Every structure is written in C-alpha cells, then in structure tokens.
> 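Got a structure here, written out as structure tokens. Questions coming.
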Amino acid sequence: MQFNVEALEIPFFAQLLILLVLARFFGEIMERFKQPALIGEIMAGVILGPTILNFIHRTEELKVISELGVFLLIIIAGLEINFDGIIRSLKGRNIIISLSAFFIPFFAGFFLGKIFQLDIMATIFIGLCIAITALPVSIRILMDFGKLNTPLGQKIISIAIFDDILALSILGIILDLKDIELSFFNISKTVIFTLFKLTCFVLLIIASYKLIERFSRKENFIEEKLNIVLGFLKGKESLFAIFFVFVLIFATITESIGLHFIIGAFFASMLISKELVGEKHLNTIHNTTNGMAMGFLAPIFFAGIGLEFEFSSIENYPLLILIILISFASKIIGGYIGSRMAKQNHKTALAIGIGLNARGIMELVIANIAFKAGIISLEIFSMLVIMGVFTTICTPFLLKKAFQLVEE
C-alpha cells in the first residue's frame, strides 16, 4: 500500500536530515544483527521513496551527494587494496574467471531480451546490466565483513574491476553507435577508437605505477618532498587537498575518454601507499576520508538506491521476474564455472560467484544512461532498478554463508 504525501513541500536539507537519520537507524539495526549496514540504508530509501510513503524523491541534489558517496567509498577501497595483489589475481587462469563472470550473464540477458522481442539496443543494455558487478557495493560488503584485503576478497574485487571496465567500454561503444548509421565501416571505426582510449588509460596507469615504484626505491623520497610542500602551504588540510587533486586528475581522465569516473578514482587511490607518502600521512588521508564517507555520504548513497524503486510503471511482470531470476543465477553460475575452470575448489568458486552478484550503483548508472538516451523505456528502467536493489540486498546474506563455508 502506498501513502501519497507529495503535497508536502519538504526543503532539501530537511529531506537530507530525514534520509540520513532513517538510513543510520536501519543501518544500526542491521549491524546489530551482524549484517552489512547498507541493507538497512537501502531499506530506509525504499520506505521513504515512491514504493511506500512517497515522501522523498531522488532529486538532482541527492544524486550529487550519492555520487560523492560512491567517490569516497572507491577511494577508501583503493587505499586498502594492494596493487601488486590485484595484478597477480588477474594473471594466468584467473582471467578465465573474469571473462566467464561477464559473458555468461551478458548472453543470458541478451537472449532474454530477444525472447521478449525487445529492440536490439534495449536487449544489449539488459545484457550489460545483468553482466556488470557493482564495484562500490562489493567493496562495501567485503569491508563490512572484514574480508576486503584477503586473497579471496581481492580476487572478487579484481574480477569486478575487469568486468566493470569491460561493461563500460561496451557502453561507450553503444552510445557512440546510437546516432550514426550502422554500417560495417562506422561500427569498426567506433569500436577501434573506444578500445584505443581504453588502452591509453591502461598504459597511463602502468606508467604511473612504474614511476611510483621507482621513486619508492629511494627511502622516504616522496614523503620528504611532500613534507616540504606541506610546510610551505598555510591552508588547513593541505595534505587532503593534494591527495584529492591527484585522485581527481585520474577521475577526470577516465570521464574524458568515456569511462566512468570511479575507475580512475579507484586506480589513483590504489597507487598511494605508505611506502610512497609515509604511514602517518596515509593514516591521516584514510581516517579523514573514512569519516566523511561512512558517517554521511555512503548512507545517503545507499538510501538513494532505495529511492529508485518505481513499481507503478511495470506491466510486464513475467519479464521482471525473469530478469531478476536470470541476473541472480547467471552471475553466480558465470563466476562459479570460471572459477572451477581456473582450478578453484567448489566452495571458493561459489563464494566468488556470489560475491560478484551485487549490481547496485554500477547497474543503475548504466540503466540511467540508457534511459536518458532514450534507448530503454521507463518500464525496462524500473525493472533494472528493482533487479539491482534485489541482488544488492540478497548478496550480503549469501556471501556471509559462502565465507563461512570457505573458512570451514
């Protein structure tokens, strides 16, 4: 039953206050039941949004705050993840997991769209939304469980990064193809150009990593130079500002070449280590970022996911049910099959498949881009939002059980 209170004009900061208080309240309840706080935060958005009370809607201002929450969550994760570990986890057979975890769900979603006779662009976007993993959500779940920096946690994150980069690259190609004549020459030219942009960014990351690695060999070299700069600057929180400038440069580069900003922010923060800037500076950066994210911006972001629910536009319930079931099953199966092919044991393979299953923000980003571009309808968009929320809510419960099995 929906209670309509749209007649009430609620100022923006009052909306923010109500959303934050309810998100933290339900998040605290979930924490006390040994579950990730993000489940309660999403529930707060569902209760306040169009699904139940219709009290708060996801305005442009709330979207901006949510984006900042994603940005800081990504930075926290990047600071806690070892770059060398990520590289190792993608070598050899591990690349099989990434490809299997992406293409099995992608083709499952694609064929579902074909069965329901949707147009080719909408069909491809359904496949993309089912194939993608919500990197920020997976990071938050693993952080809540204390598993982010374990070998299995790093493997899940590295596969999620690979799949998200692949999905966003395909997204860039499709958006570039949307307004041109679909001839073989035009398609080939667009694909080659997008792959060129992606290759350039990867080379930039590798070059930056090699440069930082070289400076790190000189003991305390960058830390000493950083201390000189901080001694010269008189403004408050200069260290934090310098760090954010560094991260924003990479985020700007990825946005400029058609990739999502979180990819650049994630890799930039991964490049920062205690060997580079010193343990004291790294702790200061981490504590300040963590306080801003976990105390304010992240709860608003996850509550914002709940605000995206819109049941009233959905009429094709068989398609909705199949999108949810196929998205849930195909991602776990894709991760499991790839892991088994990479010689992982049964329990680890199952944990990897489940860990990749949350969609959340990344799936909503792609769905929103497609909706604004007129590629998918409001009904399809609403279905994809529900699928993203459903998989995000279910994944922590299942992943907790999967980790227990692995530890046994």
Side-chain angles (χ1 to χ4, degrees), residues 23-24 26-43 69-86 88-89 94 97 133-161 262 265-266 269-270 272-274 279 282-299 301-302 305 332 335 339 344-345 347-362 391-408:
R24 292 304 303 265
F26 281 108
E28 181 69 21
I29 291 174
M30 288 296 117
E31 292 273 12
R32 289 177 184 273
F33 283 99
K34 307 296 182 184
Q35 297 299 329
L38 68 92
I39 298 175
E41 291 160 2
I42 293 172
M43 283 172 56
V70 176
F71 181 65
L72 292 185
L73 277 173
I74 286 296
I75 289 173
I76 292 169
L79 289 171
E80 293 193 8
I81 290 178
N82 182 276
F83 198 93
D84 292 324
I86 294 293
R88 284 195 301 271
S89 68
N94 289 318
I97 310 175
T133 295
L135 180 59
V137 177
S138 296
I139 287 167
R140 176 69 186 272
I141 292 169
L142 290 167
M143 286 172 67
D144 284 345
F145 287 157
K147 303 293 185 182
L148 182 62
N149 227 17
T150 63
L152 181 54
Q154 288 197 13
K155 194 180 292 291
I156 290 171
I157 293 301
S158 64
I159 295 164
I161 292 169
I262 68 167
F266 184 77
S269 54
M270 280 178 61
I272 304 297
S273 64
K274 66 179 181 181
E279 189 171 355
L282 185 64
N283 288 337
T284 301
I285 292 168
H286 188 279
N287 292 337
T288 307
T289 308
N290 196 69
M292 290 173 60
M294 298 307 185
F296 175 52
L297 293 172
F301 155 58
F302 286 108
I305 293 177
I332 294 175
S339 299
Q344 299 292 328
N345 64 54
K347 293 177 181 178
T348 301
L350 186 61
I352 290 172
I354 292 171
L356 296 170
N357 201 34
R359 304 313 197 282
I361 186 64
M362 290 307 301
T391 55
T392 300
I393 289 174
C394 292
T395 297
F397 293 102
L398 295 174
L399 189 58
K400 186 176 182 179
K401 297 292 184 184
F403 272 121
Q404 289 173 352
L405 287 173
V406 170
E407 287 165 2
E408 287 172 4

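Bear in mind the structure is a predicted one, so any value in this text is a computation, not a measurement.
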> From Ile97 CD1 over to Ser339 OG, what is the distance, rounded to the nearest 0.5 angstrom?
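Ile97 atom CD1 to Ser339 atom OG measures 4.0 Å (nearest 0.5 Å).
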> Would you call Met30 and Glu41 a side-chain contact if the rule is heavy atoms closer than 4.5 Å?
no
> I'd like to check Val406 versus Leu350 (side-chain heavy atoms, cut-off strictly below 4.5 Å). Are they in contact?
no
> When Ile156 is tested against each of Leu148, Thr133, Leu356 for side chain to side chain contact (heavy atoms under 4.5 Å, CB included), which residue passes?
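For Ile156, the side chain to side chain contact (heavy atoms under 4.5 Å, CB included) check succeeds only for Leu356.
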> Out of curiosity, Lys347 NZ to Leu152 CG, how far, rounded to the nearest 0.5 Å?
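CG of Leu152 is found 13.5 Å from NZ of Lys347.
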> Could you walk me through whether Ile139 and Phe266 satisfy the side chain to side chain contact (heavy atoms under 4.5 Å, CB included) test, starting with their C-alpha distance in whole Å, then the side-chain angles of each, then the deciding distance to 0.1 Å, before giving a yes or no?
CA-CA 11 Å; Ile139 287 167; Phe266 184 77; 4.0 Å; yes
> Would you call Glu28 and Arg32 a salt bridge, using N to O less than 4.0 angstrom?
yes
> Taking all heavy atoms of Ile74 and all of Ala265, pick out the closest pair and write down the distance.
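Minimum heavy-atom separation between Ile74 and Ala265: CG2-C, 3.9 Å.
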> For the backbone of Thr284 and the side chain of Thr288, can you confirm whether one donor and one acceptor N or O come within less than 3.5 Å of each other?
yes
> How many angstroms lie between atom CZ of Phe403 and atom CD1 of Ile141, to the nearest 0.5 angstrom?
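One gets 10.0 Å once the value is rounded to the nearest 0.5 Å.
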> How far does CE of Met143 sit from CD1 of Ile157, to the nearest 0.5 angstrom?
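Those atoms lie 10.0 Å apart.
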> Give me the atom names and distance for the closest heavy-atom approach of Pro299 to Ala23.
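Closest approach of Pro299 to Ala23: O-CB, 3.9 Å.
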> Please report the interatomic distance CD(Glu31) to CD1(Ile39), rounded to the nearest 0.5 Å.
10.0 Å
> Taking all non-hydrogen atoms of both residues, which atom of Ser138 and which atom of Gly355 are closest, and how far apart?
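That would be OG-O, 3.4 Å.
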> Quick one: are Ile42 and Phe26 in side-chain contact, heavy atoms under 4.5 Å?
no
> By salt bridge (Lys or Arg N to Asp or Glu O under 4.0 Å), which residues pair with Lys400, not counting sequence neighbours?
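Scan of Lys400 (salt bridge (Lys or Arg N to Asp or Glu O under 4.0 Å), adjacent residues dropped) gives none.
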> Where do Leu73 and Met294 land on the side chain to side chain contact (heavy atoms under 4.5 Å, CB included) test, with the steps shown first?
CA-CA 8 Å; Leu73 277 173; Met294 298 307 185; 3.8 Å; yes
> Quick one: pull up CG in Asn290 and CD1 in Ile285 and give me the separation to the nearest 0.5 Å.
13.0 Å
> Do you know the tightest heavy-atom contact between Thr395 and Thr391?
OG1-O, 2.5 Å
> I want to check something: taking the side chain as every heavy atom from C-beta on, are Leu142 and Leu399 in contact at a cut-off of under 4.5 Å?
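They are in side-chain contact.
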> Taking all non-hydrogen atoms of both residues into account, name the closest pair between Phe145 and Pro396 and its distance.
CZ-O, 3.4 Å
> Restricting to side-chain contact (heavy atoms from CB on, under 4.5 Å), what partner residues turn up for Leu398, sequence neighbours left out?
Phe328, Ile354
> Identify the two heavy atoms, one from Thr392 and one from Arg359, that lie closest to each other, and give their separation to 0.1 Å.
OG1-N, 3.8 Å
> Decide side chain to side chain contact (heavy atoms under 4.5 Å, CB included) for Ile352 and Lys155; before the verdict, give the C-alpha distance in whole Å, the side-chain angles of both, and the deciding distance to 0.1 Å.
CA-CA 8 Å; Ile352 290 172; Lys155 194 180 292 291; 3.5 Å; yes
